[in-house]
**Q** 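Before I ask anything, here is the structure I am working with.
Computed from heavy atoms alone, side chains included, the values below leave out hydrogens, waters and symmetry copies.
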Amino acid sequence: MQTLRNNTPQQASYFTSKYQSATGNFDIYANFTEKGEMLLGKNGILGYIEPHKFFQSDFGKGLREYLSKRKSLYKIVSFRHNQVFEGASVYTCLLFIRKAETTEFEYAEIPPEQLSMGENPSFRYIEADYDDNPWIFRDAQTEAILEKIADAGPDLETVTNRIYQGLVTSGDSIYLLEKIEEADDDYVTVRSQEDGEEWTLETELLKPLLKGEDVHRYYPLNPNYFVIFPYLLSDTDDGRDAEFVTEDVLAENYPRTYDYLKSHEESIRARESGKMDRDGWYDYVYPKNLTEFEEEKILTPEISYGTNFTYDSDGLYHKTKVYGIKTNDSYVSEKYLLPIINTDVLWYFLKNTGYALRGGYFTFKTDYLNPFSIPIPSNDSTDFDKEHFVSNYEGYVSGSDTLETFDIDEIITGANEALPELANEMIALRDNRESLNLSLLDYLGSYSEETTLADIGFTQPPQGSADSILQETTEQKPNLRLGEVTVSRESDTTVEIRLTARYKPDDEDAYETDQWGYTETDPLPALRITDLTETEADLIEAFVPVAVDEAGGFANFRETATKTNSLVDRLRKLTLPAVDEVREGLESYIATKERAEELEAKIEKTDELIDEIVYELYGLTDEEIEIVQEAVSE
């Protein structure tokens, strides 16, 4: 029987390569497992470490078929999105099969570190009625919730016109250009990722482009790149058309763009193993969806932790790591759909039907989104008073009313009006929040006079801190450094500063360590400062975390202890700007921060209201809602 301890990273890498080489032709992988099963005795049990992607992937069908016909499954321990072997990017499980047929098998999920520390998996029994269809192992409660979701309405494939992938250039380092300045009507200056040089190109063949990291939940979209788009769009009787710009037209009408492409001609022609070494060499290799982008739509990153859908009102272009969603208006509008798919209901659905990636991320590709069902709004909204709803909402987010103010049943009758209204509010709130500058240093500007943290107010160590690791040096703890800092306000004139310490323990196995071998303490009291003015306390509360984060000598602060300086010593020497020099800027910063906190509170309350409405649309009970919320918080 193979176990975790018997596999080296080199063996894991070999197995991963065998697994990947079988993509599209799974016979090699299936035979690997079949051979082991064939060698078993009558009552024998075999255990392998295997990539669990075969549970659901198309190329795992052969193995699923083999094991299901023989009813071989005995026990599965899935590590989900946790990686077991360093340097081997594959997600694994312990698969146990037996020669004798089974009527049920055991299934558990557990992080590998808990298993290695001796913790036993919590198994549940699953009836052996599986076949060659994708295997998704769920308990009865989960099945019941997913059934309610499925029964709520037609699926996304039905209510959308299309869910589509972004542009495929096959040469992103050349075609994707970093924006250096805002474009005018004719030209824009950009930086090539291929050679790092700046170019001033014609704007007509450049399109603002989004990457996956640009798309966040309800956030405004601000593309930092342009993409060279060698096509001209036009309206025809059959819809929109994209006409490729030929080389002679490119050279004559767009000479700067032509010069840029010519400077990289060899690399452009070499794309896809020389497939583009022909006339039209700068064309896209796979020119798909070219006319779909310049329209309002919903966008999502392809890979995400939690839902991150937002609204594109400007018709922006996007890369393959972003998907666009256009609804069928005869069913629902984009603004009705957006808040529904941004709730935990979809995240719960994907966590139980999709494919987990490292760190708990999931893919939001078309095939995974399409099966999700959408409640269709009622055509009878005569009982819904939109004006009254908006008035209640304004009182609710201002804090004068609570969720109980709303009649959820009444809102459900007018969900086709209420949800788009709330979507617009979320977009506006998030836009306002992101427009605020919360960089403290921008508000403080330049200053000349400084004072150390130890010389402002009355500074003293907290009680019981004599034996704290914060008082130690590298003689006691090699590689000792500061992790994070928090400043708590005890009163208008008193603050306490707490630090976490990071160090390399002698016995790494006895501690939870990061990839560099460091462990980190809980926040520990470092300094207590009293007799401050309110403005001085404000300055410490705002400035110290920024100075620690900057480190490297900023504000005379370094994050590493030495043989003579403890972490508290480092903190005491941190320099603050003189209050009188930064007073106005500090007041402006605090006012802006309060405004940001107010907007965040409104966003959170609007989210809660949307959740209440969507849970009701899916008919989930309080118990089922609790299960959903607990599952998505793991």
Side-chain angles (χ1 to χ4, degrees), residues 164-169 172-173 175-193 196 198-229 289 292-326 334-335 337-339 341-342 361 364 423-443 589 592-593 595-600 602-604 606-607:
Y164 58 95
Q165 194 179 34
L167 293 174
V168 183
T169 70
D172 285 354
S173 63
Y175 283 78
L176 272 58
L177 303 162
E178 183 184 355
K179 180 168 63 176
I180 301 300
E181 62 180 29
E182 294 299 326
D184 60 25
D185 291 339
D186 299 313
Y187 301 101
V188 63
T189 299
V190 293
R191 178 179 291 112
S192 169
Q193 297 181 87
E198 292 187 9
W199 296 74
T200 300
L201 307 180
E202 296 87 358
T203 57
E204 191 171 356
L205 297 186
L206 297 181
K207 304 294 184 182
L209 185 91
L210 297 165
K211 291 185 171 185
E213 60 264 29
D214 298 324
V215 182
H216 303 281
R217 194 169 180 268
Y218 294 113
Y219 271 58
L221 297 167
N222 183 27
N224 295 311
Y225 288 84
F226 290 99
V227 62
I228 296 176
F229 188 76
N289 307 321
E292 310 289 349
F293 297 97
E294 293 184 8
E295 57 186 358
E296 295 187 14
K297 55 188 175 291
I298 296 172
L299 294 177
T300 178
E302 177 192 348
I303 298 172
S304 178
Y305 186 88
T307 56
N308 273 298
F309 296 90
T310 194
Y311 195 74
D312 173 18
S313 59
D314 297 322
L316 299 172
Y317 287 67
H318 49 88
K319 271 288 296 157
T320 54
K321 295 301 181 181
V322 177
Y323 279 72
I325 301 174
K326 281 296 295 180
E334 275 99 18
K335 292 287 182 68
L337 178 63
L338 178 61
I341 58 180
N342 253 335
Y361 285 73
F364 285 67
N424 285 329
E425 287 292 335
M426 285 293 281
I427 292 168
L429 288 168
R430 182 51 68 187
D431 191 19
N432 289 337
R433 166 63 183 84
E434 293 310 303
S435 69
L436 299 178
N437 181 0
L438 291 179
S439 173
L440 174 65
L441 300 183
D442 288 343
Y443 289 86
Y589 169 78
T592 305
K593 187 178 179 183
R595 172 62 176 156
E597 291 170 352
E598 176 188 336
L599 289 169
E600 289 286 0
K602 288 184 176 181
I603 289 169
E604 184 176 348
T606 306
D607 244 343

**Q** Just verifying a value: how many Å separate L316 CG and F293 CZ, rounded to the nearest 0.5 Å?
**A**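 Reported value, rounded in 0.5 Å steps: 11.0 Å.
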**Q** So, S435 side chain and N432 main chain: donor-acceptor pair closer than 3.5 Å or not?
**A**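 Yes; judged by distance alone, with no hydrogens or angles, the pair exists.
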**Q** Under a 4.0 Å N-O cut-off, is there an ion pair linking R430 with E600?
**A**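 A salt bridge links R430 with E600.
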**Q** With side chains defined as the heavy atoms from C-beta onward, is the minimum distance between I603 and M426 less than 4.5 Å?
**A**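 Of all side-chain heavy-atom pairs linking M426 with I603, at least one is under 4.5 Å.
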**Q** Measure the CG-CD1 distance between N308 and I303 for me, rounded to the nearest 0.5 Å.
**A**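 Going from CG on N308 over to CD1 on I303, the span is 12.5 Å.
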**Q** Which residues satisfy the side chain to side chain contact (heavy atoms under 4.5 Å, CB included) test with N424, sequence neighbours excluded?
**A**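 Partners of N424 by the side chain to side chain contact (heavy atoms under 4.5 Å, CB included) criterion, ordered by chain and then number, come out as K335.
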**Q** Would you say CD of E182 has more than 12 non-hydrogen atoms from neighbouring residues, nucleotides or ligands within 6.0 angstrom?
**A**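 Not buried by this count: 12 neighbours or fewer within 6.0 Å.
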**Q** Check S173 against S192 and note the closest heavy-atom contact, atom names and distance.
**A**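 Scanning both residues completely, I find the closest heavy atoms to be O-OG, 4.0 Å.
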**Q** Atom CD of E334 and atom CD1 of I341: how far apart are they, to the nearest 0.5 Å?
**A** 9.5 Å
**Q** Could you tell me whether the side chain of T310 and the main chain of Y219 form a donor-acceptor pair under 3.5 Å?
**A** yes
**Q** Tell me if the centroids of the rings in Y317 and F229 come within less than 6.0 Å of each other.
**A** yes
**Q** Given 3.5 Å as the limit, does a donor-acceptor pair link the side chain of R191 with the main chain of W199, or not?
**A** no
**Q** Counting heavy atoms not belonging to Q193, are there more than 12 under 6.0 Å from its CD?
**A** yes
**Q** How far does CZ of F309 sit from CG of L338, to the nearest 0.5 angstrom?
**A** 8.5 Å
**Q** Can you list the residues that meet the side chain to side chain contact (heavy atoms under 4.5 Å, CB included) rule with E292, with sequence neighbours excluded?
**A**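 Residues passing side chain to side chain contact (heavy atoms under 4.5 Å, CB included) with E292: R162, Y164, N289, E295.
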**Q** State, to 0.1 Å, how close E302 and T320 come at their nearest heavy-atom pair, and which atoms those are.
**A** OE1-O, 3.6 Å
**Q** Any chance the side chains of S439 and Y589 put a donor and an acceptor closer than 3.5 Å?
**A**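 On atom types as modelled, these side chains do not qualify, holding no pair under 3.5 Å.
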**Q** Tell me, please, whether Y225 has K211 positioned over its six-membered ring: NZ or CZ under 6.0 Å from the ring centre and within 45 degrees of its axis?
**A**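 The answer is yes; both the distance and angle limits are met.
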**Q** Can you see which heavy atom on P223 is nearest to which on L209, and at what distance?
**A**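 Shortest heavy-atom contact: CB-O, 3.2 Å.
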**Q** To the nearest 0.5 Å, what is the distance between CG (L177) and NZ (K207)?
**A**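 Reported value, rounded in 0.5 Å steps: 14.0 Å.
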**Q** How close do K297 and L299 get, heavy atom to heavy atom, and via which atoms?
**A** CE-CD2, 3.7 Å
**Q** Search all heavy atoms of D312 against all heavy atoms of D314 and return the closest pair with its distance.
**A**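 Heavy atoms of D312 and D314 come nearest at OD1-N, 3.0 Å.
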**Q** Quick one: NE2 on H216 to OG1 on T300, what's the gap to the nearest 0.5 Å?
**A** 11.0 Å
**Q** Judged by modelled atom types alone, do Y311 and E296 share a side-chain donor-acceptor pair under 3.5 Å?
**A**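 Per modelled atom types, Y311 and E296 side chains form a pair under 3.5 Å.
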**Q** K602: which residues meet the side-chain hydrogen bond (donor to acceptor under 3.5 Å, both in side chains) condition with it, sequence neighbours left out?
**A**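 Checked K602 against side-chain hydrogen bond (donor to acceptor under 3.5 Å, both in side chains); zero matches.
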**Q** Would you find a donor on one side and an acceptor on the other, under 3.5 Å apart, between the side chain of T189 and the backbone of T200?
**A**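 Side chain of T189 to backbone of T200, a donor-acceptor pair under 3.5 Å: no, none is there.
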**Q** Specify the closest pair of heavy atoms between G306 and S304, including all atoms of both residues, with the distance to one decimal.
**A**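 In this case the closest contact between G306 and S304 is O-OG, 2.6 Å.
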